[in-house]
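Reading through the structure tokens given below for one structure.
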Amino acid sequence: MQSDVQESAEQAMSLLHNVVDSLPDGALQERLSSARAEGRPLRVKLGIDPTAPDIHLGHAVVLRKLREFQDLGHRVVLIIGDTTAQVGDPSGRSTLRPILSAEEIERNAATFQQQAMKILDDSPQSLEIRHNGEWLQMALAELLALMRTTTVAQILERDDFAKRLAAGQPVSVLEMMYPLLQGYDSVAVRADVELGGTDQKFNLLLGRDIQRAYGQPSQAIVTMPILVGIDGRRKMSKSLGNHIGITEQPAEMFGKTMSIPDEAMEEYFRLLLGREMPTDLGPRDAKRLLGRELVTWLHGPDQAREAQAAFDRLFVEGREPEDMPEHRFGVDGAPVHLPALIASAFGLSRSEARRLLVAGAVQIGEQRLDGQEQDLPAEALDGQVLKVGKRRFCRLRAA
RNA sequence: GGCGGGGUUCCCGAGCGGUCAAAGGGGACGCGCUGUAAACGCGUUGGCUCUGCCUUCGCAGGUUCGAAUCCUGCCCCCGCCA
């Protein structure tokens with residue numbers, strides 16, 4: 001039997017894989033040892049604000065690390081930020097967040113929680129799920145006490161506030177409260193460790209100060225790299241539209257993965273699969289492997305094979321997909337007006353459909369249209385495949 | 001509360017009485033090339049019954065033949081002073 005100190009050191013070492021910051025130095029190991037001395041697992045906190053309905057691969061990076069803690073016998077405390085979501089975390093933001101309704105937050109929270117279980121172990125001893133409304137709906141006196149723990153100067157140290165201030169952009173007092181509320185979450189759940197992306201560093205550190213103000217030991221903080229989105233430039237985020245959702249369809253997931261820039265691959269391998277990018281494959285094959293592995297992880301091996309086959313059929317062989325939605329169009333004897341047909345088939349405006357038509361983006365079967373002709377007889381369309389751009393397909397049916 | 005600056009199309013930003021659906025850039029989309037990568041080239045980027053019509057430049061009124069551009073009130077943002 002090895003010594004506690006030794007084992008704590010080993011755990012700390014393995015948990016630091018892929019981590020950007022573990023602060024303060026040695027704090028994680030210290031927390032591990034002291035929990036061990038008390039004969040209990042660590043309480044490892046992650047707060048997620050349900051501002052969007054889906055979890056994406058960016059969240060997955062942090063969730064995977066949490067899973068590592070669980071696999072070592074520690075307890076994850078997942079905080080659904082139903083109340084903080086109404087405040088809006090300004091981290092990394094250059095503008096105010098829109099305000100969500102309570103119902104939206106509720107809905108998002110439900111799917112969030114469910115999706116997180118794709119990665120986390122949901123056995124009761126490994127996972128505790130809380131809503132911060134439990135303690136943040138506090139009396140004014142308590143809120144004032146919380147506000148007394150921190151100075152404006154401390155808050156304004158934060159980079160995004162400083163930048164916005166310098167750029168003459170608004171910073172609301174409400175936003176400045178956000179880090180305090182998040183810090184108070186740590187107090188409420190008595191967190192030993194809190195995880196987050198690197199953009200959370202400030203908030204996580206402030207949580208330490210707030211715990212201290214409440215007479216608690218300060219949490220160790222662990223920050224994970226921010227996963228770049230499929231555009232390869234900006235942070236993965238739903239609102240930027242550069243995300244891959246963890247419940248997305250296999251084909252979609254594979255396709256999106258194939259569209260990431262080569263430079264992002266290595267990071268995807270490391271942060272999402274926990275392995276190094278193979279060096280013996282060319283970039284194209286490495287990316288295909290990445291796509292297969294991601295789909296295998298989140299859907300299964302069969303789905304991964306199918307996704308790749310469907311992809312090849314579509315983009316390598318240039319054929320139509322095996323199944324596609326059917327679009328029924330009405331027939332009244334007159335020729336079918338294509339902009340109207342395209343618009344209703346794919347939810348575009350007619351003007352947009354017309355532009356695509358003129359730009360040569362539209363195909364009926366094998367026939368690419370040049371946009372000279374905007375009306376076609378129904379017989380020429382019935383049963384044909386309508387293709388707009390590279391990836392919009394549907395089978396036309398006269399009704 | 002006072003003084004000054006500002007709110008323009010998805011974003012940034014030019015326009016400051018007609019030639020404005022509004023320069024330029026970004027993003028996005030389309031075509032070409034290709035590995036649904038990058039880079040590059042070309043094009044598109046309010047709506048429609050589309051050589052024209054309608055709606056849009058914080059909101060509401062007004063002046064004018066005509067307003068994103070001028071006037072009045074209101075809302076919001078930024079700075080300085082208090």
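So you know, we letter chains A, B, ... as the sequences are listed, proteins then strands, and number each from 1.
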Starting at atom [atom1] of [X], determine the distance to atom [atom2] of [N], rounded to an integer number of angstrom.
X: A/Glu352; N: B/U44; atom1: CD; atom2: C1'; value: 10 Å
X: A/Leu356; N: B/U44; atom1: CG; atom2: C1'; value: 8 Å
X: A/Phe161; N: B/C78; atom1: CZ; atom2: C1'; value: 17 Å
X: A/Asp312; N: B/G35; atom1: CG; atom2: P; value: 13 Å
X: A/Gln363; N: B/C31; atom1: CD; atom2: P; value: 9 Å
X: A/Leu290; N: B/A37; atom1: CG; atom2: C1'; value: 12 Å
X: A/Arg233; N: B/A37; atom1: CZ; atom2: P; value: 16 Å
X: A/Leu357; N: B/U44; atom1: CG; atom2: C1'; value: 13 Å

Handout entry: RNA chain B: 5'-proximal contact among A/Glu252 and A/Gly389 (nearest heavy atom)
Key =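 It is A/Gly389, whose closest nucleotide lies nearer the 5' terminus.
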Exercise for the section: On RNA chain B, check which nucleotide each of A/Lys390 and A/Arg234 is closest to and give me the residue with the more 5' one. Expected result: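 Final value for this comparison: A/Arg234.
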Residues in side-chain hydrogen bond (donor to acceptor under 3.5 Å, both in side chains) contact with [X], at least two apart in sequence or another chain:
X: A/Lys256; answer: A/Glu248
X: A/Arg397; answer: A/Glu326
X: A/Lys390; answer: none

Span that lies between the [atom1] atom of [M] and that of [N], in whole angstrom:
N: B/C57; M: B/A23; atom1: P; result: 16 Å
N: B/C20; M: B/C53; atom1: P; result: 15 Å
N: B/C11; M: B/G62; atom1: C1'; result: 33 Å
N: B/U19; M: B/G26; atom1: P; result: 27 Å
N: B/U9; M: B/G27; atom1: C1'; result: 14 Å
N: B/U51; M: B/A37; atom1: C1'; result: 42 Å

Just to be sure I understand the geometry, which residues of [range] put a non-hydrogen atom under 4.0 Å away from RNA chain B?
range: residues 260-283 of chain A; value: A/Ile260, A/Pro261, A/Asp262, A/Pro283
range: residues 332-351 of chain A; value: A/Ser349, A/Arg350, A/Ser351
range: residues 371-380 of chain A; value: none

Exercise for the section: Kindly say whether the aromatic ring centers of A/Phe346 and A/His327 come within a distance under 6.0 Å. Expected result: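 No.
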Handout entry: Joint hydrophobic cluster, A/Met117 plus A/Leu57, side-chain heavy atoms closer than 4.5 Å
Key =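 Linked, A/Met117 and A/Leu57 end up in one cluster.
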Problem - Per A/Arg355 side chain, nearest of listed nucleotides B/U45, B/C29, B/C31 - result: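 The listed nucleotide nearest to A/Arg355's side chain is B/U45.
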Practice task
Go through B/U36, B/C78, B/C31 for me and flag the one nearest to the A/Pro170 side chain.
Solution key: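 Ranking B/U36, B/C78, B/C31 by closest atom to the A/Pro170 side chain puts B/C78 first.
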Problem - Inter- and intrachain pairs under salt bridge (Lys or Arg N to Asp or Glu O under 4.0 Å), touching residues 356-381 of chain A, at least two apart - result: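 Listed once each, the pairs would be none.
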Practice task
Hey, could you give me each pair passing salt bridge (Lys or Arg N to Asp or Glu O under 4.0 Å) that has a residue in residues 120-137 of chain A? Not counting sequence neighbours.
Solution key: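 Those involving residues 120-137 of chain A are A/Arg43-A/Glu128, A/Arg75-A/Glu128, A/Glu128-A/Arg130, A/Arg130-A/Glu134.
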Problem - Any A/Ile244 side-chain heavy atom under 4.5 Å of A/His56 side chain - result: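 The answer is no, as the side chains (C-beta and beyond) never meet within the 4.5 Å cut-off.
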Handout entry: Side chain proximity check, A/Thr151 to A/Ile155, heavy atoms < 4.5 angstrom
Key =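 Result no, sub-4.5 Å side-chain heavy-atom pair not found.
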Practice task
Only pairs at least two apart or in different chains count here, so list each side-chain hydrogen bond (donor to acceptor under 3.5 Å, both in side chains) that has a residue in residues 220-229 of chain A.
Solution key: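 Non-adjacent pairs meeting side-chain hydrogen bond (donor to acceptor under 3.5 Å, both in side chains): zero.
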Practice task
With sequence neighbours excluded, give me every side-chain hydrogen bond (donor to acceptor under 3.5 Å, both in side chains) pair touching residues 295-310 of chain A.
Solution key: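 As it turns out, the side-chain hydrogen bond (donor to acceptor under 3.5 Å, both in side chains) pairs with a partner in residues 295-310 of chain A, which skip direct neighbours, are A/Arg292-A/Gln308, A/Asp302-A/Arg305.
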Please tabulate, for side-chain N and O atoms in residues 275-289 of chain A, each donor-acceptor pair with protein atoms closer than 3.5 Å (sequence neighbours left out).
unit_1   : atom_1 : unit_2   : atom_2 : d
A/Lys287 : NZ     : A/Ile260 : O      : 2.6
A/Lys287 : NZ     : A/Asp262 : OD1    : 2.8
A/Arg288 : NH1    : A/Asp312 : OD1    : 2.8
A/Arg288 : NH2    : A/Asp312 : OD1    : 3.3
A/Arg288 : NH2    : A/Asp312 : OD2    : 2.9

Exercise for the section: Looking at every strand, decide which applies to A/Gly255 at a 4.0 Å heavy-atom threshold: base, sugar-phosphate, or nothing. Expected result: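 The answer is base, as A/Gly255 lies within the cut-off (heavy atoms under 4.0 Å) of a base atom.
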Exercise for the section: Find the partner of B/G41: check Watson-Crick (N1-N3 plus N6-O4 or O6-N4) and G-U wobble (N1-O2, O6-N3) distances, both under 3.5 Å, and reply none if neither fits. Expected result: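 Across all strands, the one nucleotide that pairs with B/G41 is B/C31.
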Handout entry: Of all pairs that satisfy ring pair (Phe, Tyr, Trp, His ring centres under 6.0 Å), the ones with a partner from residues 234-266 of chain A, not counting sequence neighbours
Key =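 For residues 234-266 of chain A, and leaving out neighbouring residues, the ring pair (Phe, Tyr, Trp, His ring centres under 6.0 Å) pairs sorted by first residue read A/Phe254-A/Phe311.
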